[in-house]
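Presented below is the structure to which this report refers.
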Amino acid sequence: MKKVRFSTVDEILDDILKTVPCDFQEKTKEMTADEFRISQHSKLGMTISNKYFYRNKAQEQLIKSLGDKKEYTFLDGDVFSRIVLEKLYEKITNKSKQQP
């Protein structure tokens, strides 16, 4: 498998949205954030960790683009996939974590 180069989460989200089935976004809108994250953990979550984190040639820039939050100190594929799944849900549903 070839290495990829994504230096921001937004680039990853755009790439994911280009490759998922047409009804993926509609099904996502019917779920809560937790339901989405749990349902995608072993499906899309594994792809995110493998393709966009471990095989990413721009991993260092990607981590820097996330900021200096304490939770990113020991970033691994699982933590990274959770972050991306949360951001993907927000992008699809237009709901940010700050909204009630």
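By convention here, the first residue in the shown sequence is residue 1.
The heavy-atom pair separating R82 from R37 by the smallest distance is CG-CD, 3.7 Å. Scanning all heavy atoms of the two residues, the minimum distance from R5 to N56 falls at CA-OD1, 3.4 Å.
At a threshold of 4.5 Å between side-chain heavy atoms, the hydrophobic network of Ile, Leu, Val, Met, Phe, Trp and Tyr places V84 and V20 in one connected group. Note on M31 and L17: same hydrophobic cluster, where clusters join Ile, Leu, Val, Met, Phe, Trp and Tyr whose side-chain heavy atoms are under 4.5 Å apart, directly or indirectly. In this structure, L66 is a member of the same hydrophobic cluster as F6, with clusters built from ILVMFWY side-chain heavy atoms closer than 4.5 Å.
By the 4.5 Å heavy-atom criterion applied to side chains, I12 and L62 are counted as neighbours. Proximity of K64 to E60: side-chain heavy atoms (C-beta onward) are separated by under 4.5 Å at one or more points. Two residues are said to be in side-chain contact when any heavy atoms from C-beta on lie closer than 4.5 Å; I83 and F53 fail this criterion. Side-chain atoms of K27 and I92, non-hydrogen and from C-beta on, never get closer than 4.5 Å to each other. Considering only heavy atoms from C-beta on, L44 comes within 4.5 Å of F24 through its side chain.
With sequence neighbours left out, D15 forms a salt bridge (charged side-chain N to carboxylate O under 4.0 Å, His left out) with K51. In this view, D78 satisfies the side-chain hydrogen bond (donor to acceptor under 3.5 Å, both in side chains) rule with no residue, not counting sequence neighbours. Not counting sequence neighbours, the partners of T8 by the side chain to side chain contact (heavy atoms under 4.5 Å, CB included) test are D10, E11, S65. Among residues two or more places apart in sequence or in another chain, the salt bridge (charged side-chain N to carboxylate O under 4.0 Å, His left out) test is passed with E26 by K29.
A donor-acceptor pair under 3.5 Å is formed between the side chain of Y54 and the backbone N or O of G77. Judged purely by atom type and a 3.5 angstrom limit, Q40 has no side-chain atom pairing as donor or acceptor with the backbone of G45.
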Kindly indicate, with the supporting measurements, whether the criterion side chain to side chain contact (heavy atoms under 4.5 Å, CB included) is fulfilled by I48 and I16. CA-CA 9 Å; I48 291 168; I16 290 171; 4.0 Å; yes
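A tilted orientation is assigned to the rings of Y89 and F36, their planes being inclined by 30° to 60°.
Atom-to-atom distance recorded for L85:CG and E90:CD is 11.5 Å, nearest 0.5 angstrom. The distance from atom CG of L88 to atom OG of S81, rounded to the nearest 0.5 Å, is 11.5 Å.
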